[in-house]
Amino acid sequence: MYTKKRIKLISIILIITFFMGLFNNYERQTVNAEAEENQSIIAQDMMKRFSVSESFIQENIDNGYNLNEIYAALYKAELEGISFEQALYLLFSKMVNESQTATTSVYNGAAGDSTPKMIIIEADKSTITGSVYNPDVTDSVYDSPSVTEGVYGNKGYQSMSLVETPPILETAPVYDKTKLSEAPYSVGINNESISSLSGSLSIQNVDMTLPGRNGLSFALTRQYDTDDAQYYDEKYGSEVYEYGDYKYYVQFNAIKKKILYRYTLKYNENKWIQQDYDKNGSIDYNTIPLSTDEKLRGTYETKAAAQAAMVLPLKYSINSDQIYKEEIRPLDNLNTIPNYIMYSQYGYSGALYKTGDPFKTSGSFTDADTKTGKDTCIAKFPGKYNSSKIWQSTEPGGSCGTSMFYDKDGYVGNLTTKVNSLTKDCPNGSTPGWICTKEITSYFSGLVTKPAVDNRKYSQKYNGYPTMPAYVSSTNYGPWVDDSVTGGRMRYAYEINGSQWIDIEAYDGPVEGDPVPLITPLYEYTTAKDEAISINGRGNTLAGTEDGYNYYYASNPNAELKTFRVGTSAGIRYFNDTSMPLNEKLYPIGKGWSWNLPHVQSEQDKLYVIMGNGGKYEVEGTNLKGSDWLGTSLTLDTTVKVNGISSKYVLTPIDGSIKQYFDQEGRIIQISDAYNNTIEFKYALENSTYNGRKLLSQVKDAIGNTIDIIYSSTEVKIQKGNEIVTYTKKLEGNMELLEYVVDAENRRTDYKYELGEAKFNLMNAYPERAKSNPYVLLKNIKHPTGMKTEYVYEAAPVKRYSGVDVMNEAYRISSRVDRLYYENGTEKQFNWRSMSYNNTDVGQSYGQDFTFSTTLNNGLTNVTTQYKKDFINDQTPMQVYLEQQKESADGFDKVANHAYTKVVGSRAYPVSAPTSTTLSGVGQISQ
């Protein structure tokens with residue numbers, strides 16, 4: 001049973017369907033009023049037959065389809081084994097009667113769509129004898145209309161005797177723009193770290209903090225990294241150039257046959273389904289047409305014969321049909337029951353014969369009954385007491401008589417008196433004048449009778465097979481089949497749609513004459529070469545049609561490759577280019593310096609997340625490719641608004657504890673925890689100094705504390721209440737350098753730099769295209785205590801490869817030391833370290849696996865760390881694994897080997913069990 005909700009939905013569907021029907025003029029709707037009344041049955045039938053839901057029906061009605069259209073599409077999808085969407089497209093993509101727009105056309109039944117278009121030129125009909133485009137053809141030949149117009153229609157083409165090799169066409173550089181977070185692979189002192197992977201230097205200083213609430217605090221951390229100290233970000237540009245373009249064609253032998261014609265009379269036929277829910281011969285529902293198919297009525301040798309046939313009406317002979325029919329007729333008299341009755345309805349007629357005995361349809365029979373009926377009667381005698389206190393009658397009393405009529409509960413009869421009893425007396429001795437009434441009760445009994453009752457009604461069942469006789473119709477019908485869904489039956493119906501038309505069909509006459517030369521269109525060399533080989537295997541198949549003839553490849557086509565110059569083509573040449581680094585655009589605090597804040601970057605149709613720790617990861621779907629933190633996702637989110645700026649993305653770890661929100665341009669605008677505590681980031685336009693760039697102007701925690709940032713060409717001031725940190729910058733060339741920082745305690749830290757010349761090349765196959773891109777290398781730091789930290793880099797940069805032909809040069813730390821200077825001119829050295837790279841580098845090659853190592857020397861021990869770099873493919877970021885760590889001191893070696901047997905996702909992780917440590921002279925020690 002359908003719920004009230006479902007009935008209500010069906011009612012709404014019917015109303016919508018009705019109004020949509022007013023605007024859809026289909027050729028066939030339901031055939032009678034009964035079908036309109038059965039629309040609710042149609043909807044229920046649809047849900048049951050095709051296992052679709054009410055919401056499915058409503059959704060498609062909302063999309064502009066009415067109930068009949070949805071039903072027809074479901075039927076078509078089921079019958080033809082296609083999807084519902086495909087059925088909708090086939091039924092309703094164009095509601096055009098194609099027969100009304102059909103025109104007489106020529107069909108070549110022998111030709112296939114895969115046959116290439118050939119240029120049909122016979123040697124004896126051309127101004128060129130022999131090979132059509134032979135290299136010795138002169139310019140005067142191309143003035144001939146039969147060639148310039150009939151062949152390629154371009155007088156500027158020139159055939160060539162020699163083939164010029166086309167230039168090598170360049171493709172855009174493809175390289176890995178992601179960056180691995182090197183924090184886990186770094187060694188350092190205090191706020192300084194040196195990567196044992198790349199040899200890069202990283203400095204971090206916390207300049208200002210906000211306490212926040214419930215643990216969600218914030219530290220504005222300033223960081224320097226040699227990888228970020230290069231002048232520019234690398235990119236590439238392109239330019240278009242022209243080069244000579246050469247094409248090729250194939251000449252081959254063919255035979256020709258004259259095209260003869262015959263005439264076919266055709267029409268379009270609609271096909272739909274009729275349903276008879278009760279199997280009573282009445283058509284309860286017609287679907288709209290499920291398909292319109294082209295049909296052949298006849299083939300004729302002359303057009304006149306086809307036209308004569310066209311005027312004859314199209315009729316179908318419909319076979320006779322029987323239905324099984326049962327009827328129940330009420331009986332007036334059980335003694336006169338007819339043996340058969342006549343049936344005639346919906347075109348079906350015949351006798352229905354009595355089956356079985358009459359049966360009761362209603363009522364019942366009750367037998368007569370007799371019982372003893374009883375009743376009573378009271379006679380009253382009024383009186384009063386005289387002065388002697390004697391009761392005396394004052395008026396005549398009543399009498400019950402000796403008999404009584406009984407009529408209760410259907411029983412009737414006469415009762416007689418059996419007993420009279422004084423039931424109320426007035427004894428002498430009462431007060432004179434007192435009124436008293438005596439009562440005598442008479443008791444009656446006797447036999448009473450209830451008559452028999454018979455209100456039964458009877459009917460008789462009849463059945464039989466009424467028949468619809470054979471007839472001729474303009475509509476054709478298929479046989480009836482049972483419908484298990486409705487319990488009724490269904491059949492296909494067919495009817496002509498629109499007007500008939502005549503097609504002219506072509507067929508081949510006999511072969512005429514000797515083989516003739518034909519040519520193909522112009523191809524690229526490889527295609528033309530393949531086409532020549534293919535043509536030699538196409539013997540006796542169709543090549544093309546021209547001037548009333550079909551041309552077929554000869555049994556031996558003898559295909560030959562020919563050359564033809566078609567003009568010039570355009571190629572693309574790529575060149576190296578540069579742009580301002582994103583960190584510098586966001587945080588102009590000095591080359592190589594930035595704040596430890598994440599951001600989202602869109603670059604060449606790809607999305608990247610740059611983490612605060614320096615890692616850069618491509619977004620694939622919602623995941624960060626190559627990230628160690630599986631489950632961290634970047635998704636679209638517009639729920640947060642800060643300072644009038646709405647979020648576009650949110651970066652969420654797998655536990656959802658801390659969420660980072662970014663605006664449309666990738667800037668971070670909010671950090672929030674699971675308890676809705678927030679850190680907000682506000683931005684302002686800096687028009688005077690930075691040409692309208694939007695820069696970080698304020699950071700605010702959940703309890704209202706703020707860090708305000710003010711920019712100028714020489715300073716950046718950071719203020720929290722009375723605390724102020726000042727960055728002082730200087731300009732060298734066109735680069736801003738951070739010269740010194742004065743912290744909130746008025747302590748000054750100075751920074752010195754040196755220029756490191758470097759180049760990059762995104763198309764390394766062309767070394768001459770390399771472009772300069774120097775580094776601003778941090779040379780020394782003078783601390784407030786007077787101590788100076790000095791850094792020494794390798795004398796020359798190392799070449800690193802991030803693509804097949806993509807190279808960038810980078811500098812690596814060679815040594816670092818802290819020096820303390822005294823007033824007497826002496827100095828003391830602390831924390832000396834040196835790095836060597838054992839003639840290897842993390843980027844020494846691309847597209848293959850390799851191992852590399854670094855050695856750290858602190859004057860007492862040498863620690864050599866060996867890594868394996870795992871290359872997977874161009875689409876997957878590299879993976880780096882620690883293989884071995886060897887510590888040497890005083891003639892002893894301690895070696896730790898690492899194995900990777902645990903795999904999560906695409907990453908392998910170390911486990912403790914296979915790790916072993918070996919001490920020289922002692923042997924292996926398992927850990």
Side-chain angles (χ1 to χ4, degrees), residues 17 20-32 35-36 42 64-80 82 85-109 113 261-275 283-319 471-479 490-507:
T17 303
M20 292 184 67
L22 295 178
F23 302 100
N24 290 276
N25 183 23
Y26 293 109
E27 294 182 17
R28 175 168 294 274
Q29 295 290 352
T30 50
V31 298
N32 51 40
E36 293 292 344
I42 304 290
Y65 297 100
N66 64 36
L67 205 60
N68 292 331
E69 292 170 336
I70 300 168
Y71 194 92
L74 289 168
Y75 243 132
K76 186 175 182 69
E78 178 184 88
L79 295 172
E80 298 184 11
I82 59 178
E85 289 75 14
Q86 289 173 310
L88 277 179
Y89 175 80
L90 292 174
L91 285 172
F92 309 117
S93 60
K94 55 177 182 177
M95 297 300 291
V96 176
N97 185 344
E98 296 181 357
S99 68
Q100 296 175 357
T101 59
T103 58
T104 301
S105 55
V106 178
Y107 294 93
N108 190 339
D113 292 340
Y261 300 97
R262 53 183 166 237
Y263 300 85
T264 57
L265 180 57
K266 298 181 178 179
Y267 62 94
N268 283 330
E269 183 179 76
N270 284 346
K271 173 185 176 181
W272 72 96
I273 289 176
Q274 293 185 330
Q275 289 185 303
I283 305 303
D284 297 302
Y285 182 70
N286 284 285
T287 69
I288 65 173
L290 302 181
S291 64
T292 301
D293 303 312
E294 184 180 291
K295 295 294 181 178
L296 174 65
R297 186 173 179 183
T299 302
Y300 308 90
E301 292 300 322
T302 66
K303 185 175 182 180
Q307 290 173 332
M310 181 187 290
V311 300
L312 298 176
L314 183 62
K315 297 293 183 181
Y316 303 96
S317 295
I318 310 301
N319 294 329
Y471 62 99
V472 175
S473 171
S474 61
T475 302
N476 194 16
Y477 301 101
M490 55 189 288
R491 70 179 177 184
Y492 286 113
Y494 310 86
E495 192 172 69
I496 187 171
N497 176 11
S499 303
Q500 302 175 76
W501 73 93
I502 297 172
D503 274 348
I504 305 173
E505 289 190 354
Y507 64 97

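The analysis underlying the following values was restricted to heavy atoms, covering all of them including side chains, and did not include hydrogens, waters or symmetry mates. If you read the sequence from its start, that first residue is 1, and numbering goes on from there. No experiment lies behind these values; they were computed from the predicted model shown.
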Is the shortest side-chain heavy-atom distance between [X] and [Y] below 4.5 Å?
| X | Y | answer |
| --- | --- | --- |
| S474 | K315 | yes |
| N268 | W501 | yes |
| L314 | E495 | no |
| Y494 | K295 | no |
| Y89 | I82 | no |

Output all residues satisfying side-chain contact (heavy atoms from CB on, under 4.5 Å) with [X], sequence neighbours left out; order by chain, then residue number.
| X | result |
| --- | --- |
| A308 | none |
| L312 | R297 |
| A306 | Y263, Y300, I502 |
| T302 | A304, A305 |

**Asked** Run the side-chain contact (heavy atoms from CB on, under 4.5 Å) check on L79 and Y492 step by step: do they pass?
**Response** CA-CA 12 Å; L79 295 172; Y492 286 113; 3.0 Å; yes
For [X], what residues pass the side-chain hydrogen bond (donor to acceptor under 3.5 Å, both in side chains) criterion, not counting sequence neighbours?
| X | result |
| --- | --- |
| E78 | none |
| E80 | K76 |
| Y75 | R49, Q275 |
| S291 | D293 |

[atom1]/[X] to [atom2]/[Y] distance, rounded to the nearest 0.5 angstrom?
| X | Y | atom1 | atom2 | value |
| --- | --- | --- | --- | --- |
| E294 | N497 | CD | CG | 12.0 Å |
| L290 | L74 | CG | CG | 10.5 Å |
| T287 | L91 | OG1 | CG | 9.0 Å |
| E269 | Y267 | CD | OH | 4.5 Å |
| T475 | I318 | OG1 | CD1 | 8.0 Å |
| I70 | Y65 | CD1 | OH | 9.5 Å |

**Asked** How far apart are the closest heavy atoms of A73 and A87, and which atoms are they?
**Response** O-CB, 3.3 Å
**Fill in**
Smallest heavy-atom separation, P289 atom then N270 atom, equals CG-ND2, 3.9 Å
**Between N68 and Y285: side-chain donor-acceptor atoms closer than 3.5 Å** = yes
